[in-house]
Student: 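What follows is a structure written as structure tokens; I'll ask about it next.
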Amino acid sequence: MTVKQLQEEILTLKKQNDVIILAHYYQPIEIQEIADYIGDSLGLSRTSNEKTNTDYIIFAGVDFMAETASILNQDKHVLIPNYESCCPMAAFLTPEMVIDFKQKHPGLPVVVYVNSTAAVKAESDICCTSSNAVKITENISKEFNVKSVLFGPDANLADYTEQMSKIKTIKMPKSGHCYVHSQITVGDIEIGRERYPEAKLLVHPECVREVRDLADFVGSTAHMYNRVKDSSQDEKEFIIGTEQGLVERIAQDFQDKTFHLAKDKLICYNMKKHNLELIKYLLENLDDKTFEVKVPSEIAKRAIEPIEKMLKYS
Ligand code: SF4
């Protein structure tokens, strides 16, 4: 069966069963093409919260994203096409570690990146995404009347937030990182600048500071998308420092411009564990509990507060 035929079957099954498909920008392009909504973590959190009026949500993203959708939609079935699609960054921080940090730094608010487990979110005061981390940190530090926050699990996003907000971020832990973004080096950027001297360099805040400092623009995947969308006629070429899926998306949407990945093989293999066959299987077997992501209600009740607070503040 061709990709096109599979996509058509999925679209028919989706309509018949009244299922909604959410896909992250880092998903393979053929999955993005059959999704009802495409976005970054914040956009998809909002969508799962506001726009889903179906009983079943298929979430083509990593585990913590499906968990967030489950927390926000306790009455719905959230299904993940491949339950092995996990975010290694989220694994850097456990709820026990957060409790320990809180005991060592009493009175400081806990900001956790949405790239964290539901149990970690349940221990936090507020969640953030790479789109809103600076704003959220500024707001929560004002609310607690403090000049420092506990921030995890991404130490690079924490560092970027500290740079932008001037609010100290105590990293939970110091080594938390995304293996995709943190592998981009200054050497990669220098090569890119030499090869494509006219190109604008856009990088994600999960990149290390030395790389961010060389960029023309630092922003989340959604912000990068919008930066390209709003670019002038003269800006025809871009070097993109984020996962390859976004580059595929923008190359399709903005065909008059040229895009180069900041480094070869910037691929989140965890995000790429989904495929059209698995989505078709789910649509034909909606009651197969193996693929359902259900956050236990006692954790969901505690984790929903920091998520809703984030949605209110962003
Ligand atoms: S790109 Fe990085 S942060 Fe995003 S899911 Fe993959 S490992 Fe996790």
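As the structure lists them, so they are numbered: ligands from 1, and atoms in each ligand from 1.
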Student: Is there a side-chain contact between T242 and H181 in this structure, where contact means two heavy atoms from C-beta onward sitting under 4.5 Å apart?
Tutor: yes
Student: Given P153, P88, S85, which has its nearest heavy atom closest to atom 7 (S) of ligand 1?
Tutor: P88
Student: With side-chain hydrogen bond (donor to acceptor under 3.5 Å, both in side chains) as the test, pick out the partner of K272 among Q27, E243, Q244.
Tutor: E243
Student: Is the distance from the ring center of Y196 to that of F259 below 6.0 Å?
Tutor: no
Student: Side chains of S232 and D234: donor-acceptor distance under 3.5 Å anywhere?
Tutor: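 Per modelled atom types, S232 and D234 side chains form no pair under 3.5 Å.
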Student: Within less than 4.0 angstrom of ligand 1, does N115 place any heavy atom?
Tutor: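 For ligand 1, residue contact (heavy atoms, under 4.0 Å) with N115 is present.
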Student: Measuring from non-hydrogen atoms of E206 to any atom of ligand 1, is the shortest distance under 4.0 Å?
Tutor: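 Yes, that is the case, since the closest heavy atom of the residue is under 4.0 Å from the ligand.
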Student: So, N275 and Y281: side-chain donor and acceptor under 3.5 Å apart, yes or no?
Tutor: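 Side-chain D/A pair, N275 to Y281: absent.
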Student: Please write down residue, atom name and distance for the protein heavy atom closest to atom 8 (Fe) of ligand 1.
Tutor: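 The answer is C87 SG, 2.4 Å.
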Student: If you measure from CD1 on I126 to CD1 on I140, what distance do you get to the nearest 0.5 Å?
Tutor: 4.5 Å
Student: Is ligand 1 under 4.0 Å from a heavy atom in the side chain of E243, in the backbone, in both, or in neither?
Tutor: neither
Student: Might you work through the side-chain hydrogen bond (donor to acceptor under 3.5 Å, both in side chains) test for E33 and Q252, ending with a clear yes or no?
Tutor: CA-CA 11 Å; E33 283 167 355; Q252 203 171 74; 3.2 Å; yes
Student: Could you find the nearest protein heavy atom to atom 6 (Fe) of ligand 1 and give me its residue, atom name and distance?
Tutor: C268 SG, 2.3 Å
Student: Hey, is atom 2 (Fe) of ligand 1 within less than 2.8 Å of some N/O/S atom on C178?
Tutor: yes
Student: Under 4.0 Å, counting heavy atoms only: does Y26 come that close to any atom of ligand 1?
Tutor: yes
Student: As an exercise, identify every atom of ligand 1 less than 4.0 angstrom from a heavy atom of Y179.
Tutor: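 Heavy-atom distances to Y179 below 4.0 Å select 7 (S).
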